Amino acid sequence: MNKLKKSLALIATLAIASTAFVACGDDSSSTGDSSSKTDSSSKADDSSSKAEGSEIKFGDDGDVLSVLCWTADDIGKMIEFWDTNNAEQAGKVKYVNVGSKGQEAREGYVNYFNGDEDVDLFVVEADWILEYINNDTFSAPMSDLGFADSAFDDQYAYTKAVATDSNGVIKASSWQATPGAYVYNVDLAKEHLGVNTPEEMQEKVKDWDTFTATAKELAPKGIAMADTLGGMWQVWQYNRSQAWLDADNKLQVDEFCTEYANLAKEYYDNGYVTKEAQWTDGWATIGTQGKTMGYFFCTWCLGANAQLEKSKGDYTWNITAGPSSYAWGGSWLAVSPECDNGQLAHDFVEMFTVNPETMKEYALFKGEFVNNPTVMKEIVDEGSNKNDLLGGQDQFAVLYEAASKIDMDGKITAYDAQIKDAFNNSVDKLVKGEFADVDTMINEFKKECAKIEGISVE
Amino acid sequence: MATAAQRRIKSVSYAKYGYIFTAPFFIVYCIFMLWPLIQTFQLAFYDNGVFEPLKNAEFVGFDNFKAILFGDSNEFSQAAVIHEEFLSTMKNTIIIWVGNFIPQIILSLVLAVWFTDLRVKIPGKQFFKVVMYMPNIITAASVAGLFLSLFGDSQYSVINQLYLSGGEGREQLMLATGVWSSRIIVMFIQVWMWFGNTMIMLMSGIMSINTSIYEACEIDGANSRQTFWRITLPLLKSMMVYTLLTSMIGGLQMFDIPYMFHTGAVINDNIKTVAVFIYELFHKNYMKPSSGYSAAASVILFFITGILGALVFYVQRDKDAIEIKRKRKAAMKEAKRKQAMGGGLGL
């Protein structure tokens, strides 16, 4: 009897204690041990065909294709499209949420990859794509999914350039191009500027000087010309002539920084831009309450449930090119070396980023600006796309022009997310009067960057 | 004569069950608290910017500590910036802690005295106690969200809407990012969240004071002010020291509200505490974390906390009791000496 009690007590104790180790798991399969990984992949090489990029180098042992992202906006729609167009494989793709915004996913992925959950494809963002594609522990070449480099020839060149790692290997593929434009409030424009068509509006915003002049006209009426500093920043940062870092990872501070800081201050002080911040409730409210003439919005702001719909209110909105062409963000699909659904992953990437027919259908299905100039040209020429949120206007016609001018080659670095955060934070303090002048601001910005591991400042 | 069974029962030691049942705690403690603590100390001596520092980084001795404490002559070097930020976050931490502790302790003390006073009859006493404790139950994330919607920079925040509706031509207030306004809001949040907790602590301290002392005071004709200063406060000292100490440790490690009280991607520098600074160092650039600086800063914080804690104990020690103890010891020694000399006869 006593023995029984003792052993019961021991078992109970062990059971409680063992729960402490549950999370520890077996991480031999995961963390940074790149040498073992290359071993296994080279073994796979031997068994598969020698023809580069024509064979899928992953097995098909997984049940579902797990796609990691921080929002279901895109992946949700893609899965819907996949299920309707691919009946025999319906339900095979699963969306896995990691974080609630890109920045969180950026950090969340590392932790997720270190666990032993299923990972096949994952979505990366322009600001930090290089961190992942330049690291072979996290991402595998697209050729391992059976795509030759030429498969991506029909994509926008910049998306291909961004997805190429430091060794010239294509590591990701995007389903979208993300040109932006100026979306304006038609009712306010008519009332205050006497503008009736998007062409007339474009005359009022054709370059930054004209844009500022129009803003000056509207400011006394309590209407800002630009939505937020964050919106203006997207336009400006895209038109920066060089990357933030040179080849030696030295920070490049140029006249762009002072010029933008001065403009931001002028706009903020005079009410040419509202004092709201992006990604807050106020961002949409300025639209619904008619406090801003327009928004700098890009492709992914114009779909269902996206920014435009939230900011619309009872007004009518139209789209026009705006003072300068730009692109904002953009997402890529990358494949994990741990992928265990080779065929499904191949099909998924092909459906949304390679095959022109399905891409065209998807463009009309979601209102997505897909990553293929030929397809987009066809859609624009056919004139079949009407966006209800823009009063039936075809946003693709305007955005197509901007997309053709996008050139990000050599302008993005692995540190962009942090550098831009630091810069915008400094500008924010400048406009709010915490820094006396632009020189102080630039100094503070440089110091903020000096803190970042791996870059140098002088 | 004991039977065999009785003898066996006698020999069963129940002590070991105690060890067995407390073992899970110690195992969990060692794995999740002690081991990370040791590793933090270890990390503080390794280089920065390496993905898995304990595996791959170089040993750099006291370089990280040197950088944090003394900086560097080059203004734009990493060491100089880290040093500068460590000092400014330390300043923020102290400002916010002092600014929240003083009002909090006064408020809690006043309420605790009222709630425990025999002569003051407050209707619904229990209700107030619960309501006042309530903010402490809400998660910090919700509290930060709540206060952002009240005091946020947006023209649609509650305060701004009230302010803007007050007159034409008014500019919206930037309370959440302003240097002092943001600090004061954080102080207020801390007071609001924690005064109920401190009040309960102090009440338990006051209630442990023997009521007959209060009755005696009343009979002797002491008024409530005299009772407070002469009876309650001195007898509450140990509880006050405890509150001060826990609040100080908590205050130096203040993290949640300062970390979450901002919109956008960047944390407000004016309320950035040392704990937030430490967190950011190894989190922001997670592929190349500044783990060495981060660990060194936490080790420094650990020692600061330890020293301040010891200091509080030293300053607040019961001087009378120590004096009595010392005297008694001296007297005992004297007695012993006399005993040894005079063979027990005190002549």
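Lettering follows sequence order; numbering is per chain, from 1. Not measured: the values here are computed from a predicted model. Side-chain atoms are counted along with the backbone in the values below, which use heavy atoms only and exclude waters and symmetry mates.
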Check this for me: A:Asp281, atom CG, are more than 12 non-hydrogen atoms of other residues, nucleotides or ligands nearer than 6.0 Å?
no
Does atom CZ (B:Phe26) have a neighbourhood of more than 12 heavy atoms from anything else shown, all under 6.0 Å?
no
Should A:Ile286 and B:Gln155 count as side-chain neighbours, where that means a heavy-atom distance under 4.5 Å?
yes
Do A:Trp128 and B:Met287 come close enough that some side-chain heavy atom pair is under 4.5 Å?
no
Bottom line for A:Tyr109: the part with an atom under 4.5 Å from chain B's heavy atoms is neither
Begin from the C-alpha positions of B:Asp153 and A:Lys275 and carry the test side chain to side chain contact (heavy atoms under 4.5 Å, CB included) through to its verdict.
CA-CA 8 Å; B:Asp153 284 351; A:Lys275 295 183 170 58; over 6 Å; no
Using a cut-off of under 4.5 Å on heavy-atom pairs, state which of A:Arg106, A:Glu448, A:Gln289, A:Lys291 scores highest against chain B.
A:Arg106
Could you name the residues of residues 449-458 of chain A that have a heavy atom within less than 4.5 Å of a heavy atom in chain B?
A:Ala450, A:Lys451, A:Ile452, A:Glu453, A:Val457, A:Glu458
Stepwise side chain to side chain contact (heavy atoms under 4.5 Å, CB included) test for A:Leu251 and B:Phe76:
CA-CA 11 Å; A:Leu251 184 72; B:Phe76 295 117; over 6 Å; no
So with a 6.0 Å cut-off around NZ of B:Lys91, is the heavy-atom count from everything else above 12?
no
Where A:Gly282 and B:Ser154 come nearest, the two heavy atoms and their spacing
CA-OG, 4.1 Å
Report which part of B:Asn56 has an atom under 4.5 Å of a heavy atom belonging to chain A: side chain, backbone, both, or neither.
neither
Would B:Lys284 and A:Asp421 pass as an ion pair if we require N to O under 4.0 Å?
no
Mind ranking A:Gln103, A:Lys429, A:Lys101 by heavy-atom pairs under 4.5 Å with chain B and telling me who comes out on top?
A:Lys429
For A:Gln418, which atoms come within 4.5 Å of any heavy atom of chain B: side chain, backbone, both, or neither?
side chain
Region of B:Ser290 in contact with chain A, defined by heavy-atom distances below 4.5 Å:
both
By a 4.5 Å heavy-atom criterion (distance strictly below it), what part of A:Gln278 contacts chain B: side chain, backbone, both, or neither?
neither
Tell me, side chain or backbone of A:Thr285 under 4.5 Å from chain B's heavy atoms, or both, or neither?
both
Flag yes if more than 12 heavy atoms outside B:Gln39 fall under 6.0 Å of its CD atom; otherwise flag no.
yes
Flag side-chain contact, heavy atom, 4.5 Å: A:Asn425 against B:Asp269
yes
Residues from residues 169-176 of chain B approaching chain A under 4.5 Å (heavy atoms):
B:Glu171, B:Gln172, B:Met174
Over 12 non-hydrogen atoms of neighbours within 6.0 angstrom of NZ in A:Lys432:
yes
Checked A:Asp428, A:Asn443, A:Thr274 vs chain B; the most non-hydrogen pairs under 4.5 Å come from A:Asn443
